[in-house]
There are 2 protein chains.
Amino acid sequence: MLNAAVRLFNERGYDATSMYDIAVSLGITKSSVYHHIAGKEQLLQMAMDRALDGLFEAAEDVRQQDLPAIERLERLIGRSVLVLAERFEFVTVLLRVRGNTEVEQHALTRRREFDTVVTELVKQAQTEGDVRPDIDPATAARLLLGMVNSLSEWYRPRPGGAAAIATAVSAIAFEGLRL
Amino acid sequence: MLNAAVRLFNERGYDATSMYDIAVSLGITKSSVYHHIAGKEQLLQMAMDRALDGLFEAAEDVRQQDLPAIERLERLIGRSVLVLAERFEFVTVLLRVRGNTEVEQHALTRRREFDTVVTELVKQAQTEGDVRPDIDPATAARLLLGMVNSLSEWYRPRPGGAAAIATAVSAIAFEGLRL
DNA sequence: TTGATTACCGACCGATCGTTCGGTAGGAAA
DNA sequence: TTTCCTACCGAACGATCGGTCGGTAATCAA
């Protein structure tokens, strides 16, 4: 049911998806939907949590590794690509919320926390002399995540596709496009 | 008036912005708004056109330059950053549409055309031996544009800020983050 | 056989939406 | 003065929305 709702959210947008649409896609009526969930916003909440939990899991795994900051950064970026691929529909929902309600604002706060983790890794890698010092760490982090998050707009799940894209992201972000 | 509407679209989302909201922000009534425009969707249309026209102008300018493909690619990416900064609110509106109506779908089609222009530049630069051959051109183009487009989610207009970010994008995308 | 639980439904509610319409005030043109 | 145009308004329209409520059919343990 969450899957059906999230699919519709991504097709038409959260606001443009009615409870009726969700009910029809499940072959039941609108009132039956309310037997299973408390309301529309709960579906949004569950979807966003699923995405955020995946990202913070990756951040925690990487944090525990005893490696230079740039290696941890590269791994976290790679893991983020994989999370985005595995939980594709959920992350897409997350990346679209505007903070209109409290639930959405809480999700935005958690997203910002994740951004901070990446920013700190860039900063540390800079201190360790592995990252070019002429770039603002916060800007670099946002551009990196921008690259990763853009997947939600064009990635279509294919077997093995995620790994290939993770490689491409790593190559461009850390070695550059130019030969 | 277009500016007021677009600002609200970006604050709350297009669907969540009512004609009443727009009217209040202009100090007039809802019915007065309809004296100036045909409907809500026209505002969306105008905003998206403003963004797309800027991008295609940049593409056309770059196309006419007699330079290696990689140089043209780098300039187009840089110009795109500047367009996004100059027409920030309009591009942000554009990047959020989901294709729910015909107007939105037409905008998505134009966006895809722009993607193709970038993809062709990457491909050509690869042929000319200036871009690493191990990356799919379409994927590279999407990642590049993903980086650029992510500005709509965190960039806040500041004097000279756009140029600094264009430099950062260029540095990361073409030379890589690693020293 | 009873009683409780689960899954579901149709009808309805209040609110909000985009849009329309008839009308008015004021300034410019004739 | 009359006529026209522009900008604006209040009231209302039909449609759609998220959500509620009373009730039903089926299942299963006691």
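In the hydrophobic clustering, B:L179 connects to no other residue, as no ILVMFWY side-chain heavy atoms lie under 4.5 Å from its own.
You'll find the side chain of B:L55 stays beyond 4.5 Å of the side chain of B:L84, heavy atoms only.
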Which donor-acceptor pairs under 3.5 Å do the side chains of residues 85-97 of chain B make with protein atoms, sequence neighbours left out?
residue, atom, partner, partner atom, Å
B:R87, NH1, B:R50, O, 2.6
B:E89, OE1, B:N10, ND2, 3.1
B:T92, OG1, B:F88, O, 2.8

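Residues of residues 21-31 of chain B that place a heavy atom closer than 4.0 Å to DNA chain C, in numerical order, are B:K30, B:S31. Within a heavy-atom distance below 4.0 Å of DNA chain D, no residue of residues 3-14 of chain A is found. Within residues 34-51 of chain A, the residues that place at least one heavy atom under 4.0 Å from DNA chain D are, in residue-number order, A:Y34, A:G39, A:K40.
In terms of the side-chain contact (heavy atoms from CB on, under 4.5 Å) criterion, residue partners of A:E60 (sequence neighbours excluded) are, by chain and number, A:R63, A:Q64. Residues meeting the side-chain contact (heavy atoms from CB on, under 4.5 Å) test with A:R12, sequence neighbours left out: A:L8, A:A16, A:T17, A:D21, B:N100. Judged as a side-chain contact (heavy atoms from CB on, under 4.5 Å), and not counting sequence neighbours, B:R158 has no contacts. For A:Q65, the side-chain contact (heavy atoms from CB on, under 4.5 Å) partners two or more places apart in sequence, or in a different chain, are A:L67, A:R75.
The ring pair (Phe, Tyr, Trp, His ring centres under 6.0 Å) analysis of residues 10-44 of chain B, with sequence neighbours excluded, yields the pairs B:F9-B:Y14. Pairs engaging residues 164-179 of chain B under the side-chain hydrogen bond (donor to acceptor under 3.5 Å, both in side chains) rule: A:E74-B:R178, A:E175-B:R178, A:R178-B:E175, B:E74-B:S170 [sequence neighbours left out].
Under the 4.0 Å criterion applied to side-chain N and carboxylate O atoms, B:R142 and B:D115 are not assigned as salt-bridge partners. For the pair B:D53 and B:R110, the salt-bridge criterion is met [side-chain N within less than 4.0 Å of a carboxylate O]. Using a 4.0 Å cut-off between charged side-chain N and carboxylate O, B:E153 and A:R111 make a salt bridge.
Between the P atom of D:dC21 and the CE atom of A:M19 lies a distance of 17 Å, rounded to the nearest Å.
Running 5' to 3' along DNA chain C, contacts with non-hydrogen atoms of chain A at under 4.0 Å begin and end at C:dT6 to C:dG10.
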